[in-house]
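Lettering follows sequence order; numbering is per chain, from 1. Below, all heavy atoms of this structure are taken into account, side chains as well, without hydrogens, waters or symmetry copies.
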There are 2 protein chains.
Amino acid sequence: MTDTLREPTFLILTALAARPQHGYGILRDVEEISSGRVRLRAGTLYTALDRMSSDGWVAIDREEVVDGRLRRYYRLTDLGAARLATEVERMRANTRAAEQRLRARPIGGTA
Amino acid sequence: MTDTLREPTFLILTALAARPQHGYGILRDVEEISSGRVRLRAGTLYTALDRMSSDGWVAIDREEVVDGRLRRYYRLTDLGAARLATEVERMRANTRAAEQRLRARPIGGTA
DNA sequence: GCATATATGTCGATCATCGGTATATACCGT
DNA sequence: ACGGTATATACCGATGATCGACATATATGC
């Protein structure tokens, strides 16, 4: 519970915070959340979902078959939501500290 | 320039944003910045300083000898400050997105 | 016939960080 | 005299999340 989340993990949890979604939907959502900056690799996504499932952060919500293709929907658990909230607090504290110090820094001349 | 910073790297840059500091001073400062949460390993610190030196994010400011012990002071370069500022913006955007979605999420009943 | 979108998955490689260890000096309490 | 803690820098093997590439399958558009 103590360790920091990497960006892909963070964004997957964020995507699922909105609503249950299936893998490919998460892929699209993460891209939208990050304004196109982050494009998850399939390997990253499914490895992360497996890991977070066994950690109890996400759970399989339901499975559907659309056009002969499987859609496995995941949802955020309360534990996962709490983990995400903790991470948000940590990031807030860190950004606050960094901004404060960057503002105090003399501009230029230190190249 | 695109990849995300890990917390130790982020906090080392933040520590140096305030003023030039030597290794052990950074160790103490990072602990203070993070309210005692993050205690950098010596290996992490010096490996990171070497890496960031070759990336041009930090530079050796000066060297002193105090009580027969070497003190190597590092300072943040303009490039390093820019990199930190970029990272702060990224984290701000991510926390904003996560908070928005966590607030919209129905509380409880999804364990 | 070929590219693209949808959809899930495996596998080897990379790399920052962790945890432990090494090396020194100085100070404090017992 | 001895042990513990603080100061100070540095190396090294292990870990683990992510990357990049590949595999498989269906549907749609050109």
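Taking atom NE2 of A/His22 as the reference point, atom P of C/dT6 lies 9 Å away to the nearest angstrom. Rounded to whole Å, atom P of C/dA16 lies 15 Å from atom CG of B/Leu40. Going from atom CD of B/Glu31 over to atom P of D/dA6 covers 10 Å, rounded to whole Å. When rounded to the nearest whole Å, the span between CG of A/Leu27 and P of D/dT18 equals 14 Å. In this entry the distance linking CG of A/Asp3 with C1' of D/dG16 reads 10 Å, nearest Å. To the nearest angstrom, P of C/dG9 lies 11 Å from CD1 of A/Ile26. Between the P atom of C/dT6 and the OH atom of A/Tyr73 lies a distance of 13 Å, rounded to the nearest Å. For the pair B/Leu5 CG and D/dA17 C1', the interatomic distance rounds to 16 Å; values are reported in whole Å.
Using a 4.0 Å cut-off, some side-chain N or O of B/Tyr46 falls inside it from OP1 or OP2 of D/dT9. In this model, the phosphate group of D/dA6 is not approached by any side-chain N or O of B/Arg28 to a distance below 4.0 Å at OP1 or OP2. Residue A/Arg51 places none of its side-chain N or O atoms closer than 4.0 Å to OP1 or OP2 of D/dG16.
Nearer to the 5' terminus of DNA chain D, by closest-nucleotide assignment, is the contact made by B/Tyr74 (compared with the other of B/Tyr74 and A/Ala48). Positionally, the nearest nucleotide of DNA chain C for A/Arg69 lies more toward the 5' end than for the other of A/Thr47 and A/Arg69.
Panel note: side chain B/Ser54, backbone B/Arg51; a donor-acceptor pair is recorded below 3.5 Å. At least one donor-acceptor pair under 3.5 Å links the side chain of A/Thr77 to the backbone N or O of A/Trp57.
A/Gly23 comes within 4.0 angstrom of sugar-phosphate atoms only, judged by non-hydrogen atoms across all strands, and of no base. Using a 4.0 Å heavy-atom distance criterion, A/Arg39 is classed as making no nucleic acid contact.
Note: A/Leu5 CG to A/Arg90 CZ = 7.5 Å, rounded to the nearest 0.5 Å. Rounding to the nearest 0.5 Å places CG of A/Asp55 at 8.5 Å from CG of A/Leu79.
Counting heavy atoms from C-beta outward, A/Leu40 and A/Leu11 have side chains that stay 4.5 Å or more apart.
For a distance-only test at 3.5 Å, the side chain of A/Arg41 fails to qualify as a donor-acceptor partner of the base of D/dT18. For a distance-only test at 3.5 Å, the side chain of A/Arg6 fails to qualify as a donor-acceptor partner of the base of D/dT18.
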